[in-house]
Amino acid sequence: MAKRVAVVLAGCGVFDGSEIHEASAVLVHLSREGAQAEAYAPNIPQMHVVDHVKGQPTPEQRNVLVESARIARGNIKDLATLDVKGLDALIIPGGFGVAKNLSTWATQGKNCSISKEVEGVLRAFHAAHKPIGLCCISPVLAAKIFPGCEVTVGHDTECEQWPYAKTAEAMKELGCRHVNSQVTEVHVDTRNRLVTTSAFMCNAPIHDIHDGIGNMVREVLRLA
């Protein structure tokens, strides 16, 4: 039987939702590996809406579930209905929506809170010893919820290639172990069954990001 993987989205668009290329790469690689993706998103208002041409917030109001449905081609469920018993694994793509809609990392960093629904889902998969795949900024969710876990968001020294490296330092302050890695690489925390990769935390060609996410997906399915 095909493995069933929950893919939790955070909206639609890098600056206020899920990073579309990352979400698409997850879905493509799951399909290629013969797995069944099931999309979910919380039915909540977005923190704000960003004009992706200007890079500035607008007065609009949008809903995370409604916007996520754009990526899922309408085939999506309210995160509140997710039942871990019927699923084999969980993957959360990155994008600022993770730090704005699934948590308050964007405004509070390591002192953030995680959405109760999102935290509940992560804890349920963890308790069931089912693998969790996280890319780009989404490993911060694990760092906040699972003290002592091992993750990667790429590198911990800021430079042109790694503009968001300070994230790794904040995660270390939460008590987790950050493992430096290249964009096509993944880190597997076997004890916590976490698979992480840096994706767009790195200024890299999009095909390298796509390949790194593919490696993450394959490791998640191997553990499932």
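The structure presented is a predicted model; accordingly, all values stated were derived computationally and were not measured. Note that these values count all heavy atoms, side chains included, but never hydrogens, waters or copies made by symmetry.
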Check whether any side-chain N or O of K77 sits under 3.5 Å from a backbone N or O of A39 as a donor-acceptor pair, and report yes or no.
-> no
Would you confirm whether T196, through its side chain, and T152, through its main-chain N or O, come within 3.5 Å as a donor-acceptor pair?
-> yes
Would you confirm whether S68, through its side chain, and V64, through its main-chain N or O, come within 3.5 Å as a donor-acceptor pair?
-> yes
Heavy-atom donor-acceptor pair, H48 side chain to D16 backbone, under 3.5 Å | no
Determine the interplanar angle of the H126 and F146 rings, folded into 0 to 90°, and report it as parallel if under 30°, tilted if 30 to 60°, perpendicular if over 60°.
-> parallel
To the nearest 0.5 Å, atom CD1 of I76 lies from atom CG of L65 at 5.5 Å
Distance, nearest 0.5 Å, that separates CD of Q182 from OG1 of T197 = 10.5 Å
Heavy-atom neighbours of N75 CG exceed 12 at 6.0 Å | no
Within residues 121-144 or reaching into it, pairs that qualify as salt bridge (charged side-chain N to carboxylate O under 4.0 Å, His left out) - sequence neighbours excluded = E119-R123
Carboxylate-amine/guanidinium proximity below 4.0 Å for E169 and K166 | no
Aromatic plane relationship, H29 with H210 - under 30° parallel, 30 to 60° tilted, over 60° perpendicular | tilted
Is the number of heavy atoms from other residues, nucleotides or ligands within 6.0 Å of NZ (K172) greater than 12?
-> yes
Can you name the nearest heavy-atom pair linking V7 to A37, along with the distance?
-> CG2-CB, 4.2 Å
Just by modelled atom types, is the C12 backbone N or O under 3.5 Å from a matching donor or acceptor in the R70 side chain?
-> no
